[in-house]
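Here is the structure we will look at.
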Protein chains: 2
Amino acid sequence: MAKPEIIKSVTEILHKYMEQNKLRKTQERFQILKFIYDWDRHFDVDDLYNHLKESGFAVSKATVYNTLELLLEAGLIRKHHFRNNTSYYEKSYFNHSHDHVIFLDEEGNVKEIVEFCDPRIDSIKADLEKILDINITGHDLYFYTKSKK
Amino acid sequence: MAKPEIIKSVTEILHKYMEQNKLRKTQERFQILKFIYDWDRHFDVDDLYNHLKESGFAVSKATVYNTLELLLEAGLIRKHHFRNNTSYYEKSYFNHSHDHVIFLDEEGNVKEIVEFCDPRIDSIKADLEKILDINITGHDLYFYTKSKK
DNA sequence: TTCGTTGCAAAGGATTTGCATATTC
DNA sequence: GAATATGCAAATCCTTTGCAACGAA
């Protein structure tokens with residue numbers, strides 16, 4: 001699917017989500033969604049806030065936080081913690097479920113992120129659900145390396 | 001190994017680590033290490049700070065932070081992020097490498113933690129190292145559930 | 001018009017930092 | 001005695017909250 005179609009599609013998903021939950025369809029929410037899906041990277045709140053500002057669509061940081069929370073609940077983005085105190089986000093639709101290899105520099109800062117898929121995770125998950133008699137709602141798997149890329 | 005022996009052993013490891021790195025052997029550092037290894041649970045900074053205070057061995061929060069950082073570098077504890085903004089820690093010596101299932105309540109607070117081991121993680125790791133030609137230094141794998149335990 | 005959302009600034013929680021004091025070496 | 005670690009408080013970073021103004025329904 002080409003990018004404009006993806007954006008159209010996630011926009012519709014957000015429309016439906018807001019109708020179902022009786023939320024208001026503000027410009028800010030749709031613009032932020034569009035910016036995220038136009039961008040091919042993982043980002044933190046400041047990255048997104050600055051990107052919006054530089055693109056001439058400044059919104060308050062509170063709105064960035066509110067909207068990210070909304071998009072998370074709508075299942076349109078995912079949130080990550082890479083061994084530091086900052087939350088990172090990424091789009092999640094039309095984007096296979098995947099895990100991450102995090103490349104760290106000397107100071108432990110995130111230098112690069114590589115995605116991978118491995119079906120063995122799903123089999124571990126299925127086994128745990130059976131053994132513990134629980135329903136697993138999600139997982140986070142991060143491998144860390146200091147190798148240069 | 002019985003607990004007193006474990007504590008003796010990790011104490012020696014810390015002694016060596018401090019000698020190798022020309023760090024000072026303060027009471028606080030050894031006491032905190034002992035408290036952690038006497039305790040069978042995952043904890044955050046406040047849990048440990050309060051535990052020390054209630055046990056009549058009060059130290060400042062800055063010292064708790066500093067010492068946890070030191071113990072991390074010495075490989076004597078591990079640090080985790082369970083989808084919230086708090087860091088959790090656990091002892092890591094004489095304690096198999098393992099991963100975690102996190103039980104969350106309605107508000108997303110950590111209610112319970114179950115540990116598990118699965119060799120499939122190591123095989124995924126080995127494959128990634130080969131494919132990406134990197135050296136993986138560690139990983140974090142967390143499964144999340146809202147089931148009651 | 002109504003009521004949810006935005007924006008701003010203040011508050012909050014976790015962690016770090018600066019500096020005087022205490023302690024190890 | 002020299003130099004590092006501790007303790008306290010202030011500072012910082014990330015995130016949440018309160019409230020007036022705005023805008024969608």
Side-chain angles (χ1 to χ4, degrees), chain A residues 11 14-35 42-53 56-74 77 79-89 107-110, chain B residues 11 14-35 42-53 56-74 77 79-89 107-110:
Chain A
T11 301
L14 186 56
H15 265 287
K16 278 193 195 120
Y17 182 83
M18 302 216 271
E19 280 161 17
Q20 283 166 359
N21 293 277
K22 302 200 196 327
L23 300 168
R24 289 196 177 158
K25 298 173 178 177
T26 64
Q27 280 197 314
E28 288 82 357
R29 289 169 171 177
F30 288 104
Q31 280 289 357
I32 290 173
L33 179 70
K34 182 173 170 347
F35 272 87
H42 295 71
F43 55 87
D44 64 20
V45 169
D46 276 359
D47 292 332
L48 180 57
Y49 174 80
N50 292 326
H51 181 44
L52 289 162
K53 181 144 65 176
F57 194 79
V59 295
S60 72
K61 213 165 263 189
T63 298
V64 174
Y65 276 103
N66 287 337
T67 304
L68 288 173
E69 186 58 34
L70 172 72
L71 297 179
L72 266 176
E73 275 161 22
I77 59 174
K79 188 176 181 177
H80 298 285
H81 284 279
F82 301 138
R83 285 194 178 176
N84 61 28
N85 302 319
T86 311
S87 299
Y88 285 79
Y89 300 83
E107 295 87 40
N109 299 311
V110 175
Chain B
T11 301
L14 185 58
H15 266 286
K16 277 191 196 119
Y17 181 84
M18 302 217 270
E19 280 161 16
Q20 283 166 0
N21 293 277
K22 303 199 197 326
L23 299 169
R24 290 196 176 160
K25 297 174 180 177
T26 64
Q27 280 196 313
E28 288 81 356
R29 289 168 171 179
F30 287 104
Q31 279 290 356
I32 290 172
L33 179 70
K34 182 173 171 346
F35 272 87
H42 295 72
F43 54 89
D44 65 20
V45 169
D46 275 359
D47 291 333
L48 180 57
Y49 174 79
N50 292 325
H51 181 44
L52 289 162
K53 181 145 63 176
F57 195 79
V59 297
S60 72
K61 215 166 263 189
T63 298
V64 174
Y65 276 102
N66 287 337
T67 304
L68 288 173
E69 186 59 34
L70 171 73
L71 297 180
L72 266 177
E73 275 161 22
I77 59 174
K79 187 176 182 178
H80 299 284
H81 283 281
F82 302 139
R83 288 195 177 173
N84 61 29
N85 303 318
T86 312
S87 298
Y88 284 78
Y89 300 83
E107 295 87 41
N109 299 310
V110 176

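First the proteins, then the strands, lettered A, B, ... as listed; each starts at 1. Note that the structure is a prediction, hence the values are computed from the model and not measured.
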### Query
Base, backbone or nothing for each nucleotide of nucleotides 19-25 of chain C, written B, S, -, heavy atoms under 4.0 angstrom, 5' to 3'?
----BBS
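Minimum atom distance to the side chain of A/R29 is reached by C/dT6, of the listed C/dT15, D/dT6, C/dT6.
Separating the CE atom of A/M18 from the P atom of D/dG23 is a distance of 17 Å, rounded to the nearest angstrom. Rounded to an integer number of Å, the gap from NZ of A/K79 to P of D/dC14 is 14 Å. Atom CZ of A/F57 and atom C1' of C/dG7 are 13 Å apart (whole Å). Across the protein-nucleic acid pair, A/F43 atom CZ and D/dC14 atom P stand 16 Å apart, rounded to whole Å. The interatomic distance linking B/N50 (CG) with C/dA14 (P) rounds to 11 Å, in whole Å. If you take CG of B/L72 and C1' of C/dT15, they are 14 Å apart, rounded to a whole angstrom. In this structure, CG of A/N85 is placed 14 Å from P of D/dT16, rounded to the nearest angstrom. We find that CG of A/N21 is positioned 14 Å from P of D/dA25, with the value rounded to whole Å.
Scored by the ring pair (Phe, Tyr, Trp, His ring centres under 6.0 Å) test, A/F35 finds A/H51 as partners (sequence neighbours excluded).
At least one donor-acceptor pair closer than 3.5 Å links the side chain of B/R29 to the backbone N or O of B/R24.
Other residues, nucleotides and ligands contribute over 12 non-hydrogen atoms within 6.0 Å of the CD atom of B/E19. Summarising the local packing, NZ of B/K53 is surrounded by 12 or fewer heavy atoms from other residues, nucleotides or ligands at distances under 6.0 Å.
Within residues 59-68 of chain B, the residues that place at least one heavy atom under 4.0 Å from DNA chain D are, in residue-number order, B/V59, B/S60, B/A62, B/T63.
Atoms NE2 and CG, on B/H81 and A/N85 in that order, are 5.5 Å from each other to the nearest 0.5 Å. A/T63 OG1 to A/L70 CG: the interatomic distance, rounded to the nearest 0.5 Å, is 11.5 Å.
Counting only heavy atoms from C-beta outward, the side chains of A/H42 and A/V110 never approach each other to under 4.5 Å. The side-chain heavy atoms of A/D47 and A/Y89, taken from C-beta on, include no pair separated by under 4.5 Å.
Within the 6.0 Å centre-distance limit, the rings of B/H15 and B/F30 are counted as a close aromatic pair.
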